[in-house]
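First the proteins, then the strands, lettered A, B, ... as listed; each starts at 1. Note that these values count all heavy atoms, side chains included, but never hydrogens, waters or copies made by symmetry.
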Amino acid sequence: MSLADAVASTRSTFRRGIHPPDEKALAAESPIEVLPTPKEIRVPLLQHLGSPCEPTVKPKQAVALGDEVGNVEAMVSAPVHASVAGTVGRATVATLPNGRHVGVLPIKAGEQEIEGRDLYQDLLGGEWPLEEIERCEPREIVEAVRRAGLIGMGGAAFPTHVKLTARDDKPIDTVLVNGCECEPYLAADYRTMIEAPAAIVAGALLAKRALGARRLVVGIEDNKPKAIQHMKTAASGTAVEVKSVRTKYPQGAEKQLVRAVLAATVPEGGLPLDVGALVVNVETAASIARAVLRGKPLTHRIVTVSGRGVARPRNLVVPIGISFSELLAASGGVLPGAARILAGGPMMGFCVGSTSAPVTKGTGAVTVLTHADLQRARETACVRCGRCVDVCPLSLVPTRIAIAARHKDWDLARRYHIKTCMECGCCAWVCPAQIPLVQLIRMGKAEMATA
Amino acid sequence: MSKPEKLPIPLAEPEAEVPRIHVAPGPHISAPVTTWRMMVDVALGLLPVLLAAVWFFRWHAVLQVAVCALGCTAAEAVFARLRGRRAPLADGSALVTGLILGLSLPWSAPVYVGVVGSFVAIGVGKAAFGGLGQNIFNPAMVGRAFVMISFASVLGATAYVSPEGPLDIVTQATPLTVAKEAAGEMPGLWPLFVGSVNGSLGETSALACLIGGLFLCLRRAAAWQIPASMIVSAAAVAGLANLVNPETPLTVLHHLAGGSLLFGAVFIATDPVTSPLAPKGRAVFGAGVGALVIFIRLFSNYPEGVVFAVLLMNATVPLINRWTIPRPFGAPKKATVSDGARA
Ligand code: SF4
Ligand code: SF4
């Protein structure tokens, strides 16, 4: 433990981690705007961990906004819906930013019933009647969430109804709403907390009810005082506690949040539910409220488009299936110094190979980095400085795992707990020798799986 | 790993130059720390010690350190050339080795000692293992040990003392020699602390070492666990020795402030390459060096023990690393391993 960590342990946080530069100011004060309906969207048929959907509509069929267009009979799956009203085209294949080739269902936009400000109101505005929550049966909540095609929108992309299904063997004591958004540049969750805190509170209460949990806490990093304020106001008079946690990356990682807020340690290889906790992201919570109280499926999401490589950083409500290039165009386009376009933030985001890739339910941000942001130092030899060990939130020895992976020494990799790594990238961020530690670890895990 | 992006990317202005978009795995940003910056930090940490050395030993210190700094840099270039590589001088590690080697020598060491020490430090201590990051033994200490043994006559206890010495302080024996041979009067603690006593160039001023060490730890160029555990363990062993033999002129504080214990704790044992990776391992390593230093001082013919203590512990680092693999977050505590880490 470093001295700084020892001092910090008196405040709500986890051990180790890093402090990448905060770049949220670029987009944090831009109110959420609704994008005009694009001419065409392509709905990916696999947007979550689990089984891919089959199209449930035929080519040339007319669909309304929110109609189900893909589904599959599997427990771990979530249906997909039309995010614009229009005509379905023939399914093709697209490459998602994470490199997966998946089927996509194109929909040509026709006449829209709801657009612009009305769409915003429908998604985030209006009343969120808390008294109705008491009348909802847990089973109904789970079913509504399943039908709405909800998945974790913080990046994990796990179907939400599976998480909300109460299990007798692992009862949930506390629902934790993750308002940390610890990646630099990202501000979508922040804006949602400011503009639609009531929806988040309603969704959180629904999650608590579905699971029969006792406690409900929203954890927000202390660099977001405005969000904390808005959430506190919205939560007053409800069972929701709002707790500020220390600003540090990766505070938004589930295990680290559980550690910070509940002072509980999720066992290695386990999930928060092993310590009676369930973590939902704020936007997921808002979508739960919308699914249950308004019967609306997940068709849109809020995306931060930011970075010094984009002309006008902002937060946008976009239909799922819209292409990255349209988001960039809507943000004033890419500047000449741009070097990388990322789906997500700079720590864990994926490079977009082609800007024609569609936005999925899990896409929270598009970050455009410039050459100046990228340090192009050459990799040098490991000087065994141990900095990577000092920052790993999971107490691993990243340099050893990475070197084992490089030499394909799977025994050694296992001895140093390669599978435990959550790929947060702290180690690679800090390495003075510029060794691509997490990249090597990721590759090692993949090769081990096939070896 | 990266390939230029294909269009269309919407551009900011119609005339805008098309950016070359690359793909690469994340994380896409990194801390503004490079190996070079770490070495610069070490050099800055050495500055107080260097200044103290120059203050007390005048141009002798300048000459000695310059010879070793140049010697190590030249050696790095030569050995890199021999191995058919570009000389990695840019990382600054050879320079740091040179500074430390120079500061660990007595003022009177002839120039050839510095040169030979430098070449052995870099050649045997580092290049033979495959260069930066591959060596097991602290290069500066390899060089120091080699010249200590090879040129025993010019580097023994008498090397420090010159009755007609150009400077006041060099007319006295070094404090640890005094204690060992009962040859003269032990200096008081204050001179030991500020450094107005005889000794190797960098070791005399405890104060300068502490200032430099604090800087290094704050800059995280050195792991604080190593100097901390080394000082605590040396104090503990020295304290025990005092209990057993209350007659000795060396109190715990004499042990700590005299000789190169502090210099070693701060600048030598903390060499990242040759010390363990994980915090617990570093603590074990530091404790080992600290204890060995006192053992060597008490039981060997050498008045000083840092060189061999560090080299001995260097040899155990692979084992220490293996024994002190940190327990991953959330992993069950093994009953057999007692471990103070909070989960
Ligand atoms: S941070 Fe980089 S140089 Fe330091 S020990 Fe880890 S891998 Fe090696
Ligand atoms: S990427 Fe893995 S090894 Fe690196 S810091 Fe994160 S959890 Fe630790």
Side-chain angles (χ1 to χ4, degrees), chain A residues 1 3 18 20 255 265-268 270 311 325 328-329 332-342 346-351 353-355 369 373-375 377 380-387 389 393-397 399-400 415-417 420 425 428-430 432-434 436 438-439 442, chain B residues 2-3 5-13 16-38 88 90-91 93 130-134 217-218 220-221 223-224 272-279 282 321 325-332 341-343:
Chain A
M1 177 167 43
L3 289 171
I18 58 170
K255 291 181 177 184
T265 302
V266 178
E268 186 189 12
S325 60
L328 293 171
V334 164
L335 298 171
R340 272 184 211 175
I341 299 172
L342 315 174
M347 291 304 300
M348 291 189 85
F350 294 97
C351 254
S354 154
T355 50
L369 298 180
D373 296 323
L374 303 173
Q375 276 202 351
T380 53
C382 170
V383 288
R384 298 191 240 166
C385 64
R387 284 178 190 233
V389 185
L394 298 180
S395 296
L396 304 177
V397 186
T399 173
R400 279 299 148 92
R415 189 161 358 121
Y416 280 94
H417 312 277
T420 304
W429 188 80
V430 83
Q434 312 283 323
V438 61
Q439 295 88 330
R442 206 180 287 138
Chain B
S2 57
K3 58 177 186 212
E5 152 76 330
K6 45 185 179 293
L7 293 175
I9 311 165
L11 299 177
E13 304 116 37
E17 165 203 343
V18 180
R20 284 191 8 257
I21 302 296
H22 289 86
V23 240
H28 306 279
I29 51 172
S30 55
V33 184
T34 55
T35 310
W36 159 253
R37 265 277 299 278
M38 275 179 65
D91 62 33
S93 61
L132 179 67
Q134 306 297 310
C217 291
L218 289 177
R220 312 196 77 175
W224 65 270
V273 175
T274 55
S275 60
L277 277 167
R282 293 170 184 156
N321 272 336
I325 298 177
R327 187 163 50 85
F329 179 85
R342 268 188 315 124

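His28(B) contributes a side-chain N or O that, together with a main-chain N or O of Gly349(A), makes up a donor-acceptor pair within less than 3.5 Å. At least one donor-acceptor pair under 3.5 Å links the side chain of Arg387(A) to the backbone N or O of Arg220(B).
Residues Ile29(B) and Asp373(A) approach most closely at CG2-O, 4.1 Å, considering heavy atoms. The minimum heavy-atom distance between Gly330(B) and Thr265(A), with the atom names listed, is CA-CG2, 3.5 Å. Considering all non-hydrogen atoms of both residues, Phe329(B) and Lys255(A) come closest at CE2-CB, 3.9 Å. Shown here for Ala329(A) and Pro10(B), the closest heavy-atom pair between the two residues is N-CG, 3.4 Å.
Proximity to chain B (any heavy atom under 4.5 Å) is restricted, for Arg442(A), to the side chain, taken from C-beta onward. Only the backbone of Pro393(A) comes within contact range of chain B, judged by heavy atoms closer than 4.5 Å. Interface remark: Met348(A) contributes no atoms to any contact with chain B (heavy atom separation under 4.5 Å). When heavy atoms are compared at a cutoff of 4.5 Å, Ala278(B) approaches chain A by way of both its backbone and its side chain. When heavy atoms are compared at a cutoff of 4.5 Å, Cys382(A) approaches chain B solely by way of its backbone atoms N, CA, C and O. Neither the backbone nor the side chain of Ile18(A) comes within contact range of chain B, judged by heavy atoms closer than 4.5 Å. When heavy atoms are compared at a cutoff of 4.5 Å, Pro20(A) approaches chain B solely by way of its side chain, counted from C-beta outward. Contacts of Arg37(B) with chain A are absent, with no heavy-atom separation under 4.5 Å from either backbone or side chain. Contacts of Val383(A) with chain B are made by both backbone and side-chain atoms, with heavy-atom separations under 4.5 Å. With a 4.5 angstrom heavy-atom cutoff, Leu328(A) touches chain B via backbone and side-chain atoms both.
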field: Thr380(A) and Leu132(B): CA distance, side-chain angles, deciding distance, side-chain contact (heavy atoms from CB on, under 4.5 Å) verdict
entry: CA-CA 9 Å; Thr380(A) 53; Leu132(B) 179 67; 5.8 Å; no
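Annotation: side chain of Leu396(A) is in contact with side chain of Pro328(B) (closest heavy-atom distance under 4.5 Å). Considering only heavy atoms from C-beta on, Val33(B) stays 4.5 Å or farther from Val430(A) through its side chain.
Top candidate by heavy-atom pairs under 4.5 Å with chain B, chosen from Ala428(A), Gly386(A), Cys385(A), Pro346(A), is Pro346(A). With chain A as the partner, the residue from Ala331(B), Ala31(B), Ala221(B), Pro326(B) showing the most heavy-atom pairs under 4.5 Å is Ala31(B). When each of Pro276(B), Gly133(B), Pro272(B), Ser30(B) is checked for heavy-atom pairs under 4.5 Å with chain A, Ser30(B) comes out on top. Comparing Ala338(A), Gly270(A), Ala433(A) by heavy-atom pairs within less than 4.5 Å of chain B, the highest count is held by Ala338(A).
If you take NE2 on His417(A) and CD1 on Ile325(B), they are separated by 6.0 Å, rounding to the nearest 0.5 Å.
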